[in-house]
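Okay, structure first, notes after.
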Amino acid sequence: MTSISKPFNGTIFHTHHSSSFPHQFRQHLHSHVVSITLRHKSIKISAHAVPPLPQNHTVVGFGMTTVDFLATVDGYPKPDDKVRTTSSKVQGGGNAGNALTCAARLGLKPKLISKVADDAQGKSILEELEADCVDTSFIVVSKGGSSTFSYVLVDTQTKTRTSIYTPGDPPLVPDDLSQSMLLSAFDGARLVYFDGMSTETALFVGREAARNNIPILVEAESPREGLDELLTLAEFVVCSARFPQAWTQSPSIPSALVSMLLRLPNIKFVIVTLGEDGCLMLERSANEDVGLEERNVESFLELLYKEKDERLAIPTCISSVVTKFRVNGLGTVCGRFFIGTAEKIPDSELIDTTGAGDAFIGAIMYAICSNMAPEIMLPFAAQVAAAKCRALGARTGLPHRTDPRLASFLS
């Protein structure tokens, strides 16, 4: 074991790790004291002390909010089978609803733009969001129709979940949203998040956000009509494992991320989530050094992944130096890659992965608002997602700001 002091934006973080991690920043999640050297003096922060919130911590989310009917089973049923649930829960769900609930528990002030019906499910959706301090005053409530709901089966043996969702009716359309309503929603907002659903209306909202110079975060699960134009407005993108290659037709995820930055010049960073394999992030460099040697992105990432220590159970981050990457036929981009690892959750503690990606995005929103360095942001988001996975449903396990597991990241 070795001890190093690593500078980052004027701050030196003292960390202990294996010598096989020369470029990696790590913090132990369960430490009770974090030592930070600020150039000229050292301070110690108790893990039980909750620091002030970011100065601007209002965020707006646009997208789906649902009721989830969850059931755990000992094995996914075959056709015509009958199986008995081992546990069940009825809880709010939906990408945007979950992500903003997570953001609220972390201390942000979220406002949600969505639509529900005036049925019993719509009422429960609103009540649950309000209980978690999500501002629902911008959710359109239709007279008649039905709210969105999902059936979720969680297989306790394979630790997988299967979701079947029924869209609400009538859907949210641009005519449901006045300009004055949107301006009120955007008032004081640091960030606007889109879950990639209802792209026609999302684009209407996104254009208004762009006119008001509010940074945009877009979640991209799969290519769909209207998403391309929404992505051109984004500064930050978080996407599923299958999206980058499907959208760019690239031979690998690393080359696809480079292609995304080349095709979307407004993007500051793109993150692809990889489940238990963590995530991969490419951050654009503000200063492109023309003297940098061009590197093949696949071989570069292969070397970077060799720094990953499979023995570590806690979330970590491995970062590269600024490098120039070329994609044939498109050009070059200067940036830094970050490999974020996921927590290795003991099998006995892993309950349900429903909404893990939404928890990750909720934490990314907090990180953007607080200007977290990527080396801290990715392990922080992984820790929040891992906490969620220890309980049934998308929201039960979402940690609050005061959770001791988050103390080392928020100090």
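Pairs engaging residues 68-91 under the salt bridge (charged side-chain N to carboxylate O under 4.0 Å, His left out) rule: none recorded [sequence neighbours left out]. Applying the salt bridge (charged side-chain N to carboxylate O under 4.0 Å, His left out) test to pairs two or more places apart or on separate chains, none has a residue in residues 194-206. Within the structure, the salt bridge (charged side-chain N to carboxylate O under 4.0 Å, His left out) test picks out the following pairs touching residues 124-136 (sequence neighbours left out): Arg105-Asp132, Glu128-Arg395. Sorted by first and then second residue, the salt bridge (charged side-chain N to carboxylate O under 4.0 Å, His left out) pairs with a member in residues 254-270 read Glu235-Lys268; sequence neighbours excluded.
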Using a 3.5 Å cut-off and no angle test, enumerate the donor-acceptor pairs between side-chain atoms of residues 274-282 and protein atoms at least two apart in sequence or in another chain.
none

Between side-chain atoms of residues 50-58 and protein atoms elsewhere (two or more places apart, or another chain), which donor-acceptor pairs fall under 3.5 Å?
residue, atom, partner, partner atom, Å
His57, ND1, Pro54, O, 3.0

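Applying the salt bridge (charged side-chain N to carboxylate O under 4.0 Å, His left out) rule to Asp176 yields the partners Lys115; only residues at least two apart in sequence or on another chain are considered. In this view, Glu208 and Arg211 satisfy the salt bridge (charged side-chain N to carboxylate O under 4.0 Å, His left out) rule, not counting sequence neighbours. With sequence neighbours excluded, no residue forms a ring pair (Phe, Tyr, Trp, His ring centres under 6.0 Å) with Phe204. For Tyr366, the ring pair (Phe, Tyr, Trp, His ring centres under 6.0 Å) test picks out Phe380, with sequence neighbours left out. Applying the ring pair (Phe, Tyr, Trp, His ring centres under 6.0 Å) criterion to Phe186, with sequence neighbours excluded, gives no partner residue. Every residue two or more places apart in sequence or in another chain was checked for a ring pair (Phe, Tyr, Trp, His ring centres under 6.0 Å) with Phe138, and none qualifies.
Side chains of Thr156 and Thr72: no donor on one and acceptor on the other come within 3.5 Å. One side chain, Gln91 or Thr396, offers a donor N or O that lies under 3.5 Å from an acceptor on the other. With no hydrogens or angles considered, a side-chain donor-acceptor pair links Ser252 and Ser255 at under 3.5 Å.
Salt bridge status for Arg207 with Glu229: present, with a side-chain N to carboxylate O gap under 4.0 Å.
Using a 30° and 60° split on the angle between ring planes, Phe243 and Trp247 fall in the parallel class, below 30°.
Between Met365 and Ala103, the shortest heavy-atom distance links the atoms CE-CB, 4.4 Å.
For Phe325 and Phe337, the distance between ring centers is under 6.0 angstrom.
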